[in-house]
Amino acid sequence: MRLLRQRLTIRWALPVLTAATLQAMPVHAATDVRFALDWAMQGPQAPFLLPHTNGCYDKAGLNVTTDRGFGSGDTITKVASGGYDVGFADLNAMVEYNARQPDARLISFFMIYDAAALSIVTRKDTGIVKPADLAGRTLAAPPGDASRRLFSVLAKANGFDADSVKWVNVSPELRESMLVRKSADAIAGAAFTAYIGVQAAGLKREDTVVMRYPEYGASLYGSALVTTPAFAQRNAEALKSLVACVAQGFAQAAQDPKAAIDALAEREKLTERAVETERMQLSLDWSVMTPWVKEHGMGHLDEARLEKSLADVAAALDIPVPPANQVYTTDYLPDAAALRVAP
């Protein structure tokens, strides 16, 4: 397999940055960075808060303001408009935005969800055990949900007609309860959010079936850090330091989940620690710490996989296939040591 723009052959064992690595990070005049997350402050967002509490941003000379998000589409729009400098958002939503707004294109510069969090969740009593079993069934999701909009990629990978399912529009807060009430055979949504949500709505863990797109042939890339080309060019060293701190936050969260949830609880006083710890761990296990990332480190992509992912997304969203170098760049990745994760 080919790595995007460079190949790494070393395997890593260190779970977090060493003190020497932190000291070697670029030091520059304090740079203000307005950073918008993808969603509310929950378990999956907790690793982004660790650089605030462990001093990484301070040591790197970064003055970062991290705010909650309201969905990837909203984050992308705010970064493109200059309301925020950097955002954490779905790569595929950014690709669509760039196609619709060619004069305001964004670039992604640090992949975090190596495996997209797209999924279909159902009940065991439906008899649905694989994607092809969804043909002829009723699925519920908000019209703009990423798993719904990219459902044709899953269908194609599993040899059934995407139009053979019936979609029911539902608001995000009612999606899981529709499945539990048996008003739908399955729902589409982010894997870790939907899995936790259906249990909160009353479905037992042992009665829950999660079909994650990456497990069934739809190996799309997920959410990444995005910015404008202009901001990136003006703040190259600051972005490298930002990436190093974020990578350290994720590695630290994997090694010490309590520290991450402590940072989350400091920001969100009503955090349910057990729930958000599980939600964070699922995001790490399912989307972040993939076998590819454990071997190659965070942020380095398989070029062939990226090109296929972009072609699949373009077909699903009826947009032109963008060149990979207009979508993702490794120009702002720090040294390999800063991207190590535990095996």
Side-chain angles (χ1 to χ4, degrees), residues 8 10-28 30-33 35-38 41-66 85-88 108-114 222-227 232 235-267 276-277 280-281 283-285 287-290 292-301 330-343:
L8 301 179
I10 185 171
R11 289 177 178 269
W12 295 306
L14 293 179
V16 297
L17 299 185
T18 64
T21 302
L22 282 172
Q23 292 171 1
M25 287 169 54
V27 178
H28 38 73
T31 302
D32 293 334
V33 180
F35 185 10
L37 297 175
D38 58 332
M41 298 284 188
Q42 296 179 330
Q45 289 73 32
F48 291 103
L49 302 177
L50 281 170
H52 292 281
T53 60
N54 66 20
C56 192
Y57 285 152
D58 290 338
K59 292 175 183 176
L62 297 176
N63 180 26
V64 180
T65 301
T66 301
D85 304 309
V86 173
F88 177 54
S108 60
F109 62 96
F110 183 46
M111 181 59 62
I112 294 177
Y113 285 177
D114 182 68
S223 295
L225 299 190
V226 304
T227 190
N235 300 279
E237 293 306 315
L239 287 188
K240 288 181 181 180
S241 294
L242 177 76
V243 169
C245 286
V246 170
Q248 184 213 26
F250 274 87
Q252 184 181 352
Q255 184 189 49
D256 185 4
K258 182 179 181 299
I261 299 304
D262 285 346
L264 175 64
E266 187 175 323
R267 287 286 296 266
E276 298 311 330
T277 298
M280 181 184 72
Q281 193 62 56
S283 70
L284 293 173
D285 291 343
S287 291
V288 180
M289 304 299 183
T290 64
W292 172 272
V293 167
K294 289 176 181 179
E295 180 175 357
H296 300 287
M298 294 182 73
H300 293 283
L301 309 190
T330 59
D331 287 350
Y332 307 102
L333 294 184
D335 292 340
L339 301 172
R340 296 171 179 171
V341 296

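Here the structure is a predicted model, which means the values were calculated and not measured.
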Mark yes or no for whether Thr330, through its side chain, and Leu333, through its backbone, hold a donor-acceptor pair below 3.5 Å.
no

Just by distance, do the side chain of Asn54 and the backbone of Cys56 share a donor-acceptor pair under 3.5 Å?
yes

So, does Trp292 use its side chain to make a donor-acceptor pair with the main chain of Leu301 at under 3.5 Å?
no

Between Thr227 and Asp85, is there a donor-acceptor pair closer than 3.5 Å when you use the side chain of the first and the backbone of the second?
yes

Are Met298 and Val288 side-chain neighbours, meaning at least one heavy-atom pair lies under 4.5 Å?
yes

Over all heavy atoms of both residues, which pair between Met111 and Ser223 is shortest? Give the atoms and the distance, please.
SD-O, 3.4 Å

For a 4.5 angstrom cut-off between non-hydrogen side-chain atoms, does Val341 reach Phe250?
no

Asp38: which residues meet the salt bridge (Lys or Arg N to Asp or Glu O under 4.0 Å) condition with it, sequence neighbours left out?
none

Do Leu242 and Tyr332 come within less than 4.5 Å of each other through their side chains, counting heavy atoms only?
no

Set of residues satisfying side chain to side chain donor-acceptor pair (under 3.5 Å) with respect to Asp262, sequence neighbours excluded:
Lys258, Arg273

Do the two ring centres, one from Phe88 and one from Tyr113, sit under 6.0 Å apart?
yes

Going by side chain to side chain donor-acceptor pair (under 3.5 Å), name the residues that satisfy it together with Thr66, two or more places apart in sequence or in a different chain.
His52

Between Leu264 and Gln45, is there a side-chain heavy-atom distance shorter than 4.5 Å?
no

What I'd like to find out is whether the side chain of Val64 reaches to under 4.5 Å of the side chain of Val86, using heavy atoms alone.
no

Just wondering, do Tyr57 and Thr31 contact through their side chains at under 4.5 Å, heavy atoms?
no

Considering all heavy atoms, the nearest Ala251-Arg340 contact
CB-O, 4.0 Å

What pairs with Thr53 under side chain to side chain donor-acceptor pair (under 3.5 Å), at least two apart in sequence or on another chain?
none

Can you name the nearest heavy-atom pair linking Pro51 to Cys245, along with the distance?
CG-O, 3.4 Å

Output all residues satisfying side chain to side chain donor-acceptor pair (under 3.5 Å) with Gln42, sequence neighbours left out; order by chain, then residue number.
none

By ring-ring contact (aromatic ring centres under 6.0 Å, His included) - contacts of Phe35 (at least two apart)
Phe48

